[in-house]
There are 2 protein chains.
Amino acid sequence: MTTAEENYLKAIYHLSEDGKKSVSTNDVAREMKTKPASVTDMLRKLGEKEMIEYRKYYGVHITEEGKRMALQTVRKHRLWEVFLVDKLNFAWDEVHEVAEELEHIQSPLLIQRLDAYLNYPKFDPHGDPIPDEFGDVKAKPRVALNEMEIDQMGQIVAVKDSSAAFLKYLDKVGAYIGARIKVLDKVDFDGSIEILVDQKKNLFMSKEVAINILVLQS
Amino acid sequence: MTTAEENYLKAIYHLSEDGKKSVSTNDVAREMKTKPASVTDMLRKLGEKEMIEYRKYYGVHITEEGKRMALQTVRKHRLWEVFLVDKLNFAWDEVHEVAEELEHIQSPLLIQRLDAYLNYPKFDPHGDPIPDEFGDVKAKPRVALNEMEIDQMGQIVAVKDSSAAFLKYLDKVGAYIGARIKVLDKVDFDGSIEILVDQKKNLFMSKEVAINILVLQS
DNA sequence: ATATTATTTTAGATATAGCTAAATTATTTT
DNA sequence: AAAATAATTTAGCTATATCTAAAATAATAT
Ligand SMILES: [Mn+2]
Ligand SMILES: [Mn+2]
Ligand SMILES: [Mn+2]
Ligand SMILES: [Mn+2]
């Protein structure tokens, strides 16, 4: 598998994640920041390798083998992110691009040793679960913060967006993974929301922000 | 710079190292395990980027800028090798191929942090010096073991060949970096040599092996 | 000085991965 | 059911990095 194939397959896997049966050429083009024409070429190639089922004009469906490969790349990406944050003192908003390169290094021994060195972490710095070497993921039930009701409580466990802009904003306002929260108010008009963080700090945020914060309800 | 360009430039740098003014197309092809025709293409490209001075049919000479770039890649390669051995418990014969990939990861911050994390190592697991961030190398005067005379003493400080086959052989016979040695005998006929290691173990080796062991004389 | 040999370059392919513009197919609206 | 629109594919082009075979050049030997 080439780097490009791995990146496309990972994108298709992520786009299929929330139960969508089939992913469109345009979806992939948007995610990969390439043109639909380029995507068509790659879909044909991944189809020939049986990583996806590809029917012209009707989108694509990832195969078991494709999912296995994608999860392997996801595992590497997230392990490297843990390494960068835990060992090299990167901030959580600085790791994504580097991990995007590191995930393509080909060495099973390297990943096995890295996993051991990091003490078999279960989650990456953004709260995403790290698949084990067989591709098994321990998924916790998570809710987007904007879908919670007033007075409901929980704990921030992950973020959906890993961009530096978003993560720096969370740092600034004091939202972090592990924080205990309670919904104080929701505004129907624009979907904005006010929460209490760690029983002491009030925090007001737009719907755009709340959508990207994942909570384990309690 | 692409990965291929970095690899070629590093090869040209290494081939120029022992004072050779100019490096031939065939030399590079041998080192890179590619065909001379492919080398010609790349030499033109590196010439246009002024990483090398390239005169058709007369070989190539690395420029200051090219040397700077090559040393940057060498620095990354060797730092990663230290990481693999010191932190991930790789054997010294297992690191070369992986480092060959890792050296192309683009992130100045990553290398700066890695260097600090490893405590600013000066040598890699094969005894080769690690250039600092400005490309400065602290070179020690080293002699190939086959060039030493009977009764001369010294310390093994590096190996010239980093292949697994060679390094595993050294492990087996108990030659390692840091070992104190004394030349006991040399056979004129085939250049083979017998040495005393750490004042206790006699070791007989062929010229091929001795050529690839570098010694700091004392 | 010429011929032979070795080295190097050029010409012409292939494979990957991207693009734009045009054509085709599917979907939605009227 | 047609027409309009949106999505997707095809055709043709570019750039990188490789290769083989043929041509050109340099180095060596007679
Ligand atoms: Mn990637
Ligand atoms: Mn992540
Ligand atoms: Mn390399
Ligand atoms: Mn080394």
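Just so you know, these numbers come straight off a predicted model, no measurement behind them. A, B, ... follow the sequence lines: proteins, then strands. Residue 1 opens every chain.
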*Does a nitrogen or oxygen in the side chain of A:N26 sit under 4.0 Å from OP1 or OP2 of D:dT8?*
yes

*Looking for any heavy atom pair under 4.0 Å, which part of the strands does A:S38 touch: base, sugar-phosphate only, or nothing?*
base

*asked:* For a quick test of reading the model: is some side-chain N or O of B:Y54 closer than 4.0 Å to OP1 or OP2 of C:dT9?
replied: yes

_Of the listed nucleotides C:dG18, C:dA26, C:dT10, the one nearest the side chain of B:T40_ = C:dT10

*Can you tell me how far P of D:dT16 sits from CE of B:M1, to the nearest Å?*
13 Å

*asked:* Between the side chains of A:D171 and A:K168, is the shortest nitrogen-to-carboxylate-oxygen separation below 4.0 Å, so that they form an ion pair?
replied: no

*Just by distance, do the side chain of B:R68 and the backbone of B:G135 share a donor-acceptor pair under 3.5 Å?*
no

*Distance in angstrom units between A:D27 CG and D:dT8 P, rounded*: 7 Å

*Looking only at side-chain N and O atoms, does A:T2 come under 4.0 Å of OP1 or OP2 in C:dA17?*
yes

_N-O pairing of A:R142 and A:D128 below 4.0 Å_ = yes

*OP1, OP2 of C:dT16 versus side-chain N and O of A:Y8: anything below 4.0 Å?*
no

*A:H77 versus A:D124, side-chain donor and acceptor atoms under 3.5 Å*: no

*asked:* Please name the nucleotide paired to D:dG12 by Watson-Crick or G-U wobble geometry with both distances under 3.5 Å, or report none.
replied: C:dC19

*What nucleotide, of D:dT20, C:dC19, D:dT10, holds the atom closest to the side chain of B:K35?*
D:dT20

*To the nearest Å, how far apart are B:L43 CG and C:dT10 P?*
11 Å

*Please figure out whether B:A37 or B:K45 has its closest DNA chain D nucleotide nearer the 5' end.*
B:K45

_Atom-pair distance (CE on A:M42; P on D:dT9), nearest Å_ = 14 Å

*Would you indicate which nucleotide in D:dA17, C:dT20, D:dT9 comes nearest to any side-chain atom of A:R44?*
D:dT9

*Are any of A:K56's side-chain N or O atoms less than 4.0 Å away from OP1 or OP2 of D:dT10?*
yes

*Please report, rounded to the nearest Å, how far the P atom of D:dT16 is from the NE2 atom of B:H104.*
18 Å

*Report the nucleotide, chosen from D:dA17, C:dT9, D:dT8, that has the shortest atom-to-atom distance to any side-chain atom of A:T25.*
D:dT8

*Check whether any side-chain N or O of A:Y57 sits under 4.0 Å from OP1 or OP2 of D:dT9, and answer yes or no.*
no

*Calculate the interatomic distance between A:R55 atom CZ and D:dA7 atom C1'; express it in whole Å.*
15 Å

*asked:* Checking base pairs now: Watson-Crick or wobble, both atom distances under 3.5 Å. What partners C:dT30?
replied: D:dA1

*Quick one: which of C:dG18, D:dT20, D:dA27 gets closest to the side chain of B:Y58?*
D:dA27

*What nucleic acid atoms does B:A4 come within less than 4.0 Å of, heavy atoms only: base, sugar-phosphate, or nothing?*
sugar-phosphate

*Can you tell me the distance, in whole Å, between the CG atom of A:D41 and the P atom of C:dA21?*
17 Å

*Calculate the interatomic distance between A:K33 atom NZ and C:dG18 atom C1'; express it in whole Å.*
17 Å

*Plane angle bin for A:Y117 and B:F83 - parallel if under 30°, tilted between 30 and 60°, otherwise perpendicular*: perpendicular

*Consider only side-chain N and O atoms of A:Q106 and A:E6, and report whether a donor and an acceptor are under 3.5 Å apart.*
yes

